[in-house]
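Worth saying up front: this structure is predicted, and the values here are computed from it rather than measured. Both counts, for ligands and for their atoms, begin at 1 and track the order of listing.
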Amino acid sequence: MDMDAFYASCEVVRNPDLSGKPVIIGADPKEGKGRGVVATSSYEARKFGVRSGMPISRAYKLCPQGIYLRPDFKFYREISSEIMKILRSYSKIGEQWGLDESFLDMTQFVTNFADSVEIAQKIKDEIYAKLKLTSSIGIGPNKQVAKIASGFQKPNGLTYVPPDQVQSFLDPLSVDEIIGVGPKTKKVLNEKLQIFTIADLANYPAEKLNKMFGKMGVYLHNVARGMDNSPVQQIYKRKSLGSEVTFEEDIDNFDTIYKTLELLVDKLHKLLLSKNYLYQNIAIKIRFENFSTFTRQHRLKTPTNDKKVALQIGKQLLKEFESNPKKIRLLGFRFAELSKAKYVQKTLFD
Ligand code: DCP
Ligand code: MG
């Protein structure tokens, strides 16, 4: 299940006058001079070409008449938890991704696949009745297929892919429909290997994929053939904790960059501790004035929640960019590969 235009739809719920209008959630466009990006937009705004992740200045050019709102995460989280409560009443085996997506394992509640179509419609109806929000649901024999199906007929979609139609469903789709295939992997697949559709990928020799991508190659080969054995699990609600800052003005002073890094690490580390997480991976993201963007990550041998280590690695990862003459527009930091700490650390007085 994936909610439609989630943040934007939440705003429409709060203010029904926005219904049917191009609503864009993200940074302040400041009449086209604004910085930062679009978080999401209503389907009406998407008709103008507005997309998530696009610079807000570009969105403003495409759709100056849009209604631009800053995100209100607290409100979206509240609505999200209402949605997740509804989902939990249908199956306790659920795996939430972000605020607006969740997988449900319905195996024990159905005798055949088709039964789940009826349940999915009930879920959609209940979400709409209680919250006036539309959602899209995909049903399939595994998570990968279900997720792709959930996006197949957005908004307000319901797509059922029976096991014997998985391959014909996947075949014509673009490779970047696969979870984990982002712009970079897509580019390599398209340009180096002439692989465009999932069918191309399914027919490509597995050994060559392995050579090129390692473990990821095995994964790609399997999912292209409809195979995904990953369980629906309620382990960690979030797989990472991250945040980024777009500077008011582009910055070339690395002291400011390191200061900003400290602030990000500080804020995220508090969150990490409050949720009793350990991290095993640190990632930074840096975007220059010309929008060229780089990410770097470092994996630790063992999970930890040490703040000093995080800061030190963050700084190390940023070092290589110090000599870059371009000004910096954005800095991001992320704790990833999170796991729950086995026992809660007690305070000195416990
Ligand atoms: N989001 C964001 N930045 C992005 C992508 C998403 O801040 N680059 C936020 C805003 C979205 C929410 O996460 O409302 C959910 O992401 P989705 O990818 O599910 O996008 P939407 O729900 O907005 O639209 P869709 O109908 O395509 O699912
Ligand atoms: Mg969504």
Can you tell me if NZ on Lys259 sees more than 12 non-hydrogen neighbours from other groups inside 6.0 Å?
-> no

N, O or S atoms of the protein lying under 2.8 Å from the Mg ion (ligand 2) | Asp2 OD1, Met3 O, Asp100 OD2

Between Asp200 and Thr197: side-chain donor-acceptor atoms closer than 3.5 Å = yes

Above 12 or not: heavy atoms from other molecules or residues under 6.0 Å from CG of Asn290?
-> yes

If we ignore angles and hydrogens, is there a donor and acceptor under 3.5 Å between the side chains of Thr304 and Asp306?
-> no

Quiz: residues 150-158 side-chain donor-acceptor pairs under 3.5 angstrom, not counting sequence neighbours:
residue : atom : partner : partner atom : Å
Ser150  : OG   : Lys147  : O            : 2.7
Gln153  : NE2  : Leu158  : O            : 3.4
Gln153  : NE2  : Thr159  : OG1          : 2.8
Lys154  : NZ   : Asp2    : O            : 3.3
Lys154  : NZ   : Met3    : O            : 3.1
Lys154  : NZ   : Asp4    : OD1          : 2.8
Asn156  : OD1  : Lys124  : NZ           : 2.7

Classify the side-chain pair Tyr160/Gln165 by whether it contains a donor and acceptor separated by less than 3.5 Å.
-> no

What about the rings of Phe321 and Phe254, do their centers lie closer together than 6.0 Å?
-> no

Per the under 4.0 Å non-hydrogen criterion, ligand 1 touches Asp2, Met3, Asp4, Ala5, Phe6, Tyr7, Ala39, Thr40, Tyr43, Arg46, Ser52, Gly53, Asp100, Lys154

How long is the gap from NE2 on His221 to CD on Glu207, to the nearest 0.5 Å?
-> 8.5 Å

With sequence neighbours excluded, give me every salt bridge (charged side-chain N to carboxylate O under 4.0 Å, His left out) pair touching residues 53-76.
-> Arg14-Asp72, Lys74-Glu78

